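Here the structure is a predicted model, which is why all the values come from computation and not from measurement.
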Amino acid sequence: MVLLIILCAVLCIPIGGIYWKRHSKNEPVPDAWEQATASMGEPDHIIVADPLRGNERDGVILVYDHGGRDDMGFLVFNNTIIHKRDITGLTINNAAIIPYFPNDYQIVITTPSGKLHIHTGRDMGWSQEVLMQIKASITT
């Protein structure tokens, strides 16, 4: 009897998984990255925030110089749209919690709706360069 239950479980679990996968209606929801590239086209600038994750969405910042609120442009980072006009502060922060851990820098963008943390890696020079690129893209 126990052998029959084990045999049924071994057969039913993979078959159920295949059935569930074929019949589930998981339509992908377009995110901010896809919406921006679909409506605005290719970005005017791409800022690589984290060189180790330069091909991922949380490793780059898309910069659009025109469009958005008051036609000033906006930034897209990790499924978040930040209008240039809304940015009230930019700073670099060492996100390492314990002082004995290696440095782990991030750029903090402050807006009226909150703060956005952009991981930039362990190199302070790289983080400063990314900050300068963001500042230059905001002022133009």
Side-chain angles (χ1 to χ4, degrees):
M1 185 66 168
V2 173
L3 186 59
L4 183 64
I5 293 173
I6 292 173
L7 183 64
C8 283
V10 168
L11 291 176
C12 291
I13 291 175
I15 292 172
I18 293 169
Y19 177 80
W20 180 264
K21 195 175 226 181
R22 285 188 181 172
H23 294 311
S24 64
K25 301 291 184 196
N26 291 338
E27 294 292 325
V29 178
D31 57 4
W33 183 292
E34 293 169 352
Q35 289 175 354
T37 54
S39 65
M40 299 296 293
E42 292 297 315
D44 296 315
H45 306 286
I46 297 175
I47 300 172
V48 178
D50 188 353
L52 297 178
R53 293 182 291 162
N55 59 347
E56 299 174 11
R57 293 181 184 208
D58 60 345
V60 296
I61 303 167
L62 303 180
V63 180
Y64 290 92
D65 290 333
H66 301 290
R69 192 173 299 157
D70 296 327
D71 202 34
M72 280 196 59
F74 57 94
L75 309 174
V76 179
F77 173 75
N78 197 17
N79 203 22
T80 305
I81 296 176
I82 308 123
H83 295 279
K84 291 181 181 182
R85 178 173 292 263
D86 293 342
I87 296 174
T88 58
L90 284 169
T91 187
I92 296 176
N93 182 13
N94 185 0
I97 298 171
I98 300 174
Y100 304 106
F101 282 1
N103 293 333
D104 189 25
Y105 294 104
Q106 64 184 358
I107 292 176
V108 181
I109 298 178
T110 307
T111 63
S113 61
K115 294 182 179 181
L116 178 70
H117 301 273
I118 301 173
H119 182 264
T120 55
R122 294 186 174 176
D123 186 14
M124 179 63 166
W126 178 267
S127 301
Q128 289 175 336
E129 180 65 32
V130 172
L131 183 70
M132 298 291 280
Q133 290 179 19
I134 294 173
K135 283 183 179 180
S137 70
I138 291 172
T139 58
T140 59

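Residues Ile46 and Ile107 share a single hydrophobic cluster, defined by chaining ILVMFWY side chains whose heavy atoms lie under 4.5 Å apart. Linking ILVMFWY side-chain heavy atoms closer than 4.5 Å, directly or via other members, places Leu62 and Ile138 in a single hydrophobic cluster. The same ILVMFWY cluster, assembled from side-chain heavy atoms under 4.5 Å apart, contains both Ile87 and Val60.
With hydrogens and angles disregarded, a donor-acceptor distance shorter than 3.5 Å links the side chain of Tyr64 to the backbone of Gly41. At distances below 3.5 Å, not a single donor-acceptor pair connects side-chain atoms of Thr91 with backbone N or O atoms of Val108. Looking only at distances, a side-chain donor or acceptor of Thr120 sits under 3.5 Å from a matching main-chain atom of Tyr105. A donor-acceptor contact shorter than 3.5 Å is absent between the side chain of Asp104 and the backbone of Arg122.
Interatomic distance, Leu75 CG to Ile81 CD1, rounded to the nearest 0.5 Å: 10.5 Å. Once rounded to the nearest 0.5 Å, the distance linking OG of Ser137 with CD1 of Ile47 reads 4.5 Å. If you take CG on Asp86 and CE on Met72, they are separated by 9.5 Å, rounding to the nearest 0.5 Å. Asn78 CG to Glu56 CD: the interatomic distance, rounded to the nearest 0.5 Å, is 9.5 Å. Distance check, rounded to the nearest 0.5 Å: CD1 of Ile118 to OG1 of Thr80 gives 9.0 Å. Rounding to the nearest 0.5 angstrom, the gap separating the NZ atom in Lys115 from the OG1 atom in Thr88 is 9.0 Å.
Considering only heavy atoms from C-beta on, Leu116 comes within 4.5 Å of Phe77 through its side chain.
Every residue two or more places apart in sequence or in another chain that forms a salt bridge (Lys or Arg N to Asp or Glu O under 4.0 Å) with Arg53 is listed here: Asp50, Asp58. Under the side-chain contact (heavy atoms from CB on, under 4.5 Å) criterion, Gln128 pairs with Ile92, Met124, sequence neighbours left out.
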Verdict with supporting geometry, Trp126 and Val48, side-chain contact (heavy atoms from CB on, under 4.5 Å)
CA-CA 10 Å; Trp126 178 267; Val48 178; 4.1 Å; yes
Does Leu131 form a side-chain contact (heavy atoms from CB on, under 4.5 Å) with Leu90? I'd like the steps, not just the answer.
CA-CA 8 Å; Leu131 183 70; Leu90 284 169; 3.7 Å; yes
Could you give me the CA-CA distance, side-chain angles and deciding distance for Asp65 and Lys84, then say whether side-chain contact (heavy atoms from CB on, under 4.5 Å) is met?
CA-CA 9 Å; Asp65 290 333; Lys84 291 181 181 182; 3.1 Å; yes
Just do the side-chain contact (heavy atoms from CB on, under 4.5 Å) check on Arg57 and Val76 with the steps written out, would you?
CA-CA 9 Å; Arg57 293 181 184 208; Val76 179; over 6 Å; no
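The nearest pair of heavy atoms linking Pro51 to Ala49 is CD-O, 3.9 Å. What you find for Ala96 and Pro102 is that their closest heavy atoms are CB-O, 3.4 Å.
Cluster partners of Ile98 are Ile97, Tyr100, Phe101, counting Ile, Leu, Val, Met, Phe, Trp and Tyr whose side-chain heavy atoms approach within less than 4.5 Å, directly or via other members.
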